[in-house]
Structure formats: structure tokens, C-alpha cells
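Input: a single structure, listed below in C-alpha cells.
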Amino acid sequence: MDGLWNQPPLNEWAIVGMNHYHVNGERRLFVEMVKGGQCIKEEGPDDQYLWNRLWHKANEQVRP
């Protein structure tokens, strides 16, 4: 699946931490990204919504 991680603005951020684990049989992710001394992170089910939340956080960071 082509995700939001390789589309602007997330493609400008570096993934510095990403772990997966299972809770009650559900795969979950922890993702931490950095750019220019700023950090965004999310944790939750391994789905499109996790990357969507990161995308929104990255957009909030680029605002003046």
C-alpha cells in the first residue's frame, strides 16, 4: 500500500524510530519522525489513520 509517509510533507521528515507490536492480536505501531529539530510521533493500530495523524502533525509544524 502506498502510504502518506512518502508524500509531502511527510516525505521531508526522517523516521528515527518505528516499532511494531501486538495487543490482543492487533498489530500496532509506534512512529517517531524528525525534521529541523522538530519531532512528531504517533502510536496506535497499524492503519492509514496513524499515518494521517502524522501527516496532520507535519502540516501543523510547517505553518508560520
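Residue numbers run from 1 in the order of the sequence given. Side chains are part of it too, since the values below use all heavy atoms of this structure and drop only hydrogens, waters and symmetry mates.
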### Task
List in chain and number order the residues that pass side-chain contact (heavy atoms from CB on, under 4.5 Å) with Tyr49, two or more places apart in sequence or in another chain; answer none if no residue qualifies.
Asp47, Arg53

### Minimum-distance pair of heavy atoms, taken over all atoms of Trp13 and Ala58
NE1-CB, 3.5 Å

### Message
Could you measure the distance from the CG atom of Asn11 to the CE atom of Met33? Nearest 0.5 Å is fine.
### Response
8.5 Å

### Query
Do Pro45 and Arg27 come close enough that some side-chain heavy atom pair is under 4.5 Å?
no

### Query
Does Val16 sit in a hydrophobic cluster with other residues, and if so which ones, taking ILVMFWY side chains as linked at heavy-atom separations under 4.5 Å, directly or through other members?
Val34

### Task
Decide yes or no for Gln61 and Lys35: does some side-chain heavy atom of the first lie under 4.5 Å from some side-chain heavy atom of the second?
no

### Query
Under the side chain to side chain donor-acceptor pair (under 3.5 Å) rule, what pairs show up with a residue in residues 15-25, not counting sequence neighbours?
Tyr21-Glu43

### Query
When you look at Met18 and Phe30, which way does the side-chain contact (heavy atoms from CB on, under 4.5 Å) test go after all the steps?
CA-CA 5 Å; Met18 186 162 83; Phe30 169 82; over 6 Å; no

#### Entry: Audit row: Arg28, Val23, side-chain contact (heavy atoms from CB on, under 4.5 Å) steps and yes/no
CA-CA 7 Å; Arg28 299 178 68 86; Val23 174; 3.4 Å; yes

### Task
Mind listing the closest non-hydrogen atom pair of Leu54 and Leu10 along with its distance?
O-CD2, 3.7 Å

### Task
Report the distance from atom CH2 of Trp51 to atom NE2 of His56, rounding to the nearest 0.5 Å.
14.5 Å

### Query
Got a second to check how far Leu50's CG is from Leu29's CG, nearest 0.5 Å?
6.0 Å

### Task
Test Gln7 against Trp55 for side-chain contact (heavy atoms from CB on, under 4.5 Å), laying out the working first.
CA-CA 9 Å; Gln7 297 177 21; Trp55 184 86; 5.5 Å; no

